[in-house]
Amino acid sequence: MAADSVSFGLRAGERLGVVGESGSGKSTLALAILRMIKPPGRIDAGEIWLDGVNLMTLSDEAMRRVRLARIALIPQGSMNSLNPVMRIKDQISDAWRDHGLAPSRRQVEERVRDLLESVGLRPEVAHMFPHELSGGMKQRACIAIAISLRPRVIIADEPTSALDVVVQKQVMETLARVQEDLGASVILVGHDMGLMAQFVDRLGVMYAGRLIEVSPVRDIFTQPLHPYTEMLIASLPSLEQKGTFRGIPGLIPLLRDLPPGCAFHPRCPHAVDRCRVEEPRLREIRPAGWAACHLR
Amino acid sequence: MTTLLEARRVTKVFGGGLFDRGPTLALDDFSLAIDGDRPSITAVVGESGSGKTTLSRLLLGLTAPTGGEVHYDGRDLQAMSRAEWRAFRRDVQVIFQDPYEVYNPFYRVDHVLTTPVAKFGLASSRAAARALIEDVLRAVGLRPEETLGRFPHQLSGGQRQRVMVARALLLKPRVILADEPVSMVDASLRATILASLRRMNAELGISIVYITHDLATAYQISDNIIVLYRGSVAEAGDVALVVKQPRHPYTQLLLSSIPQASAARTWMTENAVASAAVHDAPGAGCKFAARCPSVVSRCREAAPPLFQTDRHRVVSCYLHQNAP
């Protein structure tokens, strides 16, 4: 079970972050929203609602039309998801044809130019191949594809994990700008707490396939509710004070061999007997602040 | 001061062959000295393409410099006798970035620990070897009974990387070169591995060269820092000085680009800084000139040398040539 009973709501125009370490189920969650879990994996239960429609009830064909047009994905390492033998222009317009649009050649040229401009790429890029672009440029080209049908939701899965920090900042600024232009919501999936702190409005923290805390991002960094969130933040090296970071003892549990009760209890300094037997549910602890912890 | 490991004006050029687009200058006139008397942690920080990997290969003697020399204990690595080379390979240990690729999946993890014991004759009996291995595993926070006898895939990335640190410790080295040791390890385990490096420096007197792209961890564990930009030193010196009051425009750009994990949102509100253009500035001049917000005509004519701006810092930028 890679992601278990994860529930949250996403507001229009909101930036929601989902943070977790490797194996926490964050990428699975992103793919599940798009119903893109590959066999033998499957979505066992649950509902995904978008503007009043339960995506789980759609036919495969209807779901295919939702992807990109309503919910777009900027995949992990998306610089490698571009087709190496297709020009950028064709990769963008490919999606339009796939969604039943038949723009004329002139329309394609114009629309591609506008899209590239909106992500800060020069018009010449339209006629280039991916290998002619730098990592940051490829990532922006992927953003251009993702926004080409003006989606309501953009899911970005570690969109900058392979980029240098200077380029990362530029790519995130680009994403923020196009999101505001479209009025779309963003789900940013990743492991970088710094990036989350600076980009999202609300942050969900995943541990061992479960969402263990969801709070407005400012609250998370001033007063985290879950001990794991608190220790994760304390493990981050800061540029402010020296010698303040410390790791979380113990190991991340294997998903096929989870401890009983709260999955975090073997590493939690506050664990009590109840934590070892009963799994805590996500509850609203303070306004807009949700956590799955018996001690709250 | 006796210098233990030293790079003297090292330059490394790749390519330039018949079908190449031209030679690539991976490292340009680079110098570094690790003091043998006062063990320290020196961080080398740079983005991709800055020459970090080339530097680590040069310091390990895995590749020969095009110009300049790398010395260990006063001897040029390229001119060492067999016995000297053997001593060097024992005294200078390395921890690589990828804790997945360094293991042979067919061997138990014990293999990476027993091999150096056998090769360097570190123990006189099997029992002594076992005791030694258990000691170093405990030193990095691993329980020997949960580690030995397992195959690599049965350990997490963090555990594997700690076994690598333990392996380096086995040989009681004088220098450990850690090349991005935590970039593939999860956040919650990163701190533990870095703390063990810190402890090895403080308690065992091992000097550490920490090569990384991450300024925050460099700031946390090192004493000195060298900021590389495209094969050249942009700024170097005391880590607190460089991080708290960066002088080189590149160091400033790098620091302002790091998203900080705090409630204060300052990251995207700052004015967009220098462009990401990575085109080579053709010919001479400062390599950062094309992206520098404070560039003047002089920067494009000749590359700036390292100016001493404080007692414990040098900066390669004309803005600081008249520093006290």
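In this structure R15(A) satisfies the salt bridge (charged side-chain N to carboxylate O under 4.0 Å, His left out) test together with E180(A), sequence neighbours excluded. Annotation: salt bridge (charged side-chain N to carboxylate O under 4.0 Å, His left out) contacts of E213(A) (sequence neighbours excluded): none.
In Q154(B), the CD atom is crowded: over 12 heavy atoms of neighbouring residues, nucleotides or ligands sit closer than 6.0 Å. Summarising the local packing, CD of E146(B) is surrounded by more than 12 heavy atoms from other residues, nucleotides or ligands at distances under 6.0 Å. Within a 6.0 Å sphere centred on CD of E124(A), other residues, nucleotides and ligands contribute more than 12 heavy atoms. Within 6.0 Å of CZ in F151(B) there are more than 12 heavy atoms belonging to other residues, nucleotides or ligands.
In plain terms, the two heavy atoms of P237(A) and T217(B) that are nearest each other are CG-CG2, 3.5 Å.
Only the backbone of A264(B) comes within contact range of chain A, judged by heavy atoms closer than 4.5 Å. Of the atoms belonging to R246(A), it is backbone heavy atoms, and not side-chain ones, that fall under 4.5 Å from chain B. Only the side chain of S156(B) comes within contact range of chain A, with at least one heavy atom under 4.5 Å from a heavy atom of that chain. Both the backbone and the side chain of A187(B) come within less than 4.5 Å of a heavy atom in chain A. In this structure, the portion of L194(B) lying under 4.5 Å from any heavy atom of chain A is its side chain and not its backbone. At a 4.5 Å heavy-atom cutoff, A234(A) makes no contact with chain B through either its backbone or its side chain. Within the 4.5 angstrom heavy-atom criterion, atoms from both the backbone and the side chain of L239(A) approach chain B.
In this structure, the separation between CZ on R190(B) and OG on S235(A) is 8.5 Å, given to the nearest 0.5 Å.
In this structure the side chain of E240(A) never reaches within 4.5 angstrom of the side chain of S262(B), judged on heavy atoms. By the 4.5 Å heavy-atom criterion applied to side chains, R265(B) and V217(A) are counted as neighbours.
A donor-acceptor contact shorter than 3.5 Å is absent between the side chain of Q198(A) and the backbone of A261(B). The backbone N or O of Q241(A) sits less than 3.5 Å from a side-chain atom of Q220(B), completing a donor-acceptor pair. At distances below 3.5 Å, not a single donor-acceptor pair connects side-chain atoms of Q168(A) with backbone N or O atoms of S257(B).
If you tally non-hydrogen atom pairs under 4.5 Å between each of I220(A), I248(A), T222(A) and chain B, the highest count goes to I248(A). Annotation: maximal heavy-atom pairing with chain B below 4.5 Å, among M193(A), E21(A), R267(A), M196(A), occurs at E21(A).
Among residues at least two apart or in separate chains, there is no side-chain hydrogen bond (donor to acceptor under 3.5 Å, both in side chains) pair with a member in residues 195-204 of chain B.
Within residues 225-233 of chain A, the residues having any heavy atom under 4.5 Å from a heavy atom of chain B are, by residue number, L232(A).
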*Would K242(A) and V239(B) count as a side chain to side chain contact (heavy atoms under 4.5 Å, CB included) if you check the C-alpha gap in whole Å, the side-chain angles of each, and the deciding distance to 0.1 Å?*
CA-CA 11 Å; K242(A) 222 173 155 160; V239(B) 73; 3.4 Å; yes
